[in-house]
Amino acid sequence: MHRRALLAALAMPALPAALSACREPPLAGQEDPTFDHETMSLKLTAIAERARPGDLGVAVQDLTTAQRATVAGDHLFPLAGIWTAALGAAVLAEVEAKALSLRETITIEDVDLSPPPSGVADAWPSRRRWTVEELLKHAVAGGDNTAADVLMKRIGGPGAVTAWLDLKKVENLRVDRYARQLLPEQTGAASFRAEWRGQAWRKAVLATPEATRRKAWRDYLADPHDSTTPLAAVRFLEALNQAELTSQDGRRRMLRMMEAAAGERLRPALPAGARLAAITSATPWDLGQTAADNVLAMVRLKDGRRFALAILLKASPLEEADRDALMLEVTRTVLQAAEKAGR
């Protein structure tokens, strides 16, 4: 479906009813507080100071009361791979609009392949045909760049996804490029080619002159394209939770895929009985830093309360273990405060 077709579908007569569901959340303080947002913001600010010279942005929102706590909530950060969450919701919206079928089969050609991670690219050319449902699971649950790019092309491209998000009042979450465009640009490498699948891609990146890579990373960090803010990220999760983006069935499908994607990174911070749905993504460590390391998460506590959490880190000199510890500290701080308030 071309971009114009997707946008036309969004403007059909059913649209007013859909937009009426996109209600503004209640202001903080309209309902009983679930955490002291001022104290929470102070604690998160202290963590952000320890993350320097990297930049840390955090937003947490109680999905019942809409109360929030933020650090650098309106600052722009690179999306990295968490854009697949927005793509997944957009694909399911197209399915629900009868513009796409999960059973539709798509044939993957060499020009469709994207840089890793991509199990779909790794399986090519032995396997070329995939259903939309299979590609959707690979894209959202597995962060598969080929699957994500193929699906995004099928529903109209990056601009159509961003236009759909804007229509749903999820602003400042921009999807501007396919992964096969973005990853070579952010690393300074040449355009991606089929023979660069798997480990060959990393070798191609490291073969790029250091000065070229350094300038590419610097440009990537300054680029407002393919970016979001912590507040926009939790607004996306709020819209997903309230079934503003898809039906309740689509919401449940998205959450199952995000639960499969969550992995173990944040689990040590979860209190007993909590459930986690999350997408995490980081750019490769290169030239002494990680350009972007992001977490997009929904946590359901044992008592049924749900929280949306966005943790966005950019230009960090911390190595992986230290960044994991930072993400855990933020998550633990948020959830301990939520549990304390719920007693």
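All values below come from the heavy atoms of this structure, side chains included, with hydrogens, waters and symmetry mates left out. What you see is a predicted model, and the numbers here were worked out from it, not measured in a lab.
- A side-chain donor-acceptor contact under 3.5 Å links Glu96 to the backbone of Ser247.
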Inset, instruction - Given side-chain contact (heavy atoms from CB on, under 4.5 Å), test Leu326 with Ile47 step by step and report yes or no. - result: CA-CA 8 Å; Leu326 181 73; Ile47 297 173; 3.5 Å; yes
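- In this structure, CG in Leu151 is found 5.0 Å from CG in Leu135, a value given to the nearest 0.5 Å.
- Linking ILVMFWY side-chain heavy atoms closer than 4.5 Å, directly or via other members, places Leu270 and Val58 in a single hydrophobic cluster.
- Between Leu313 and Thr290, every side-chain heavy-atom pair lies at or beyond the 4.5 Å cut-off.
- Within the 3.5 Å criterion, the main-chain N or O of Ala48 finds no donor-acceptor partner in the side chain of Arg52.
- For the pair Glu94 and Arg154, the salt-bridge criterion is not met [side-chain N within less than 4.0 Å of a carboxylate O].
- Atom CD1 of Ile82 and atom CD1 of Ile311 lie 10.5 Å apart (nearest 0.5 Å).
- Side-chain heavy atoms closer than 4.5 Å link hydrophobic residues (I, L, V, M, F, W, Y) into clusters, and following such links, even through other members, never connects Val234 to Leu240.
- Annotation for Arg180 and Pro115: closest pair CA-CD, 3.7 Å, computed over non-hydrogen atoms.
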Inset, instruction - Check step by step if side-chain contact (heavy atoms from CB on, under 4.5 Å) holds for Arg128 and Asp110. - result: CA-CA 9 Å; Arg128 295 171 179 263; Asp110 58 349; over 6 Å; no
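- The closest side-chain heavy-atom distance from Asp293 to Met327 is below 4.5 Å.
- Judged by distance alone, with hydrogens and angles left aside, the side-chain atoms of Thr229 form no donor-acceptor pair with the main-chain N or O of Leu76 at under 3.5 Å.
- Leu136 has its side chain within reach of Leu92: a pair of non-hydrogen atoms, C-beta onward, lies under 4.5 Å apart.
- Looking at Asn294 and Ser281, their side chains never bring a donor and an acceptor atom within 3.5 Å of each other.
- By the criterion of side-chain heavy atoms lying less than 4.5 angstrom apart, applied directly or through intervening Ile, Leu, Val, Met, Phe, Trp or Tyr residues, Ile106 is grouped together with Leu87 in one hydrophobic cluster.
- Without hydrogens or angle criteria, Thr228 side chain to Asn172 main chain gives a donor-acceptor distance under 3.5 Å.
- Salt bridge present: Arg127 and Glu134 bring a charged side-chain N and a carboxylate O closer than 4.0 Å.
- Between Ala190 and Trp196, the closest heavy-atom pair is O-CZ3, 3.6 Å.
- Side-chain contact of Gln61 with Gln67: a donor-acceptor pair under 3.5 Å is absent, judged by distance alone.
- Distance CG/Leu79 to OG1/Thr283: 12.5 Å, rounded to 0.5 Å.
- Arg235 and Glu244 are joined by a salt bridge, as a carboxylate oxygen and a charged side-chain nitrogen come within less than 4.0 angstrom of each other.
- Residues Met40 and Thr333 come closest through the heavy atom pair CE-O, 3.8 Å.
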Inset, instruction - Begin from the C-alpha positions of Val60 and Arg68 and carry the test side-chain contact (heavy atoms from CB on, under 4.5 Å) through to its verdict. - result: CA-CA 5 Å; Val60 56; Arg68 297 170 178 164; over 6 Å; no
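- Salt-bridge annotation for Lys169 and Asp166: absent, with no side-chain N of the basic residue lying under 4.0 Å from a carboxylate O of the acidic one.
- Considering only heavy atoms from C-beta on, Leu56 comes within 4.5 Å of Val330 through its side chain.
- Counted within 6.0 Å of CZ on Arg103, heavy atoms from surrounding residues, nucleotides or ligands total 12 or fewer; the atom is thus considered open.
- Ser316 and Arg323 share no side-chain donor-acceptor pair at under 3.5 Å.
- Under the 30°/60° scheme for interplanar angles, the aromatic rings of Phe192 and Trp201 are found to stand perpendicular.
- Both Leu255 and Leu237 are members of a single hydrophobic cluster when ILVMFWY side chains are connected at heavy-atom separations under 4.5 Å.
- No side-chain donor from either of Arg265 and Thr280 sits under 3.5 Å from a side-chain acceptor of the other.
- One finds the CH2 atom of Trp124 at 9.5 Å from the CG atom of Asp112 (value rounded to the nearest 0.5 Å).
- Atoms CG and OG1, on Leu328 and Thr331 in that order, are 6.5 Å from each other to the nearest 0.5 Å.
- The aromatic rings of His75 and Phe77 lie parallel to each other, with less than 30° between the two planes, well short of the 60° mark.
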Inset, instruction - Decide yes or no on salt bridge (Lys or Arg N to Asp or Glu O under 4.0 Å) for Arg253 and Glu133, but give the supporting numbers first. - result: CA-CA 11 Å; Arg253 185 184 290 271; Glu133 184 171 22; 3.2 Å; yes
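- Closest of all the heavy-atom pairs between Asp144 and Gly119 is OD2-N, 2.8 Å.
- Within the 4.5 Å cutoff, the side chain of Leu276 has heavy atoms near those of the Leu266 side chain.
- Contact annotation: the side chain of Pro116 never approaches that of Asn145 to less than 4.5 Å [non-hydrogen atoms, C-beta and beyond].
- Taking CD1 from Ile108 and OG from Ser114, the interatomic distance works out to 9.0 Å, rounded to the nearest 0.5 Å.
- In the displayed structure, Gln248 atom CD is contacted under 6.0 Å by more than 12 heavy atoms of other residues, nucleotides or ligands.
- In terms of hydrophobic clustering, with Ile, Leu, Val, Met, Phe, Trp and Tyr side chains grouped at heavy-atom distances under 4.5 Å, Tyr178 and Val91 are assigned to a common cluster.
- The pair Arg213-Asp286 counts as a salt bridge, with a side-chain nitrogen and a carboxylate oxygen less than 4.0 angstrom apart.
- Classification of Lys153 and Asp149 as a salt-bridged pair fails, no side-chain N sitting under 4.0 Å from a carboxylate O.
- Nearest heavy-atom pair across Ala261 and Val140 is CB-O, 3.7 Å.
- Between Asp74 and Leu231, the shortest heavy-atom contact is N-CD1, 4.3 Å.
- Two residues are said to be in side-chain contact when any heavy atoms from C-beta on lie closer than 4.5 Å; Thr212 and Arg214 fail this criterion.
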Inset, instruction - Any chance you could lay out the side chain to side chain donor-acceptor pair (under 3.5 Å) test for Ser227 and Arg174, step after step, and finish with the verdict? - result: CA-CA 5 Å; Ser227 66; Arg174 294 183 53 164; 5.4 Å; no
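- Between Arg197 and Asp122, no side-chain nitrogen of the basic residue sits less than 4.0 Å from a carboxylate oxygen of the acidic one, so the salt-bridge criterion is not met.
- A side-chain donor-acceptor contact under 3.5 Å links Thr162 to the backbone of Val175.
- Taking 4.5 Å as the limit, some side-chain heavy atom of Arg251 sits within range of a side-chain heavy atom of Asn241.
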Legend entry - Criterion side-chain contact (heavy atoms from CB on, under 4.5 Å) on Glu185 and Tyr220, from CA distance to verdict: CA-CA 8 Å; Glu185 288 180 16; Tyr220 172 65; over 6 Å; no
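- When only modelled atom types and interatomic distance are considered, His225 and Arg177 share no side-chain donor-acceptor pair under 3.5 Å.
- Ion pair Arg275/Glu259 flagged as a salt bridge, since at least one NZ, NE, NH1 or NH2 atom sits closer than 4.0 Å to an Asp/Glu carboxylate oxygen.
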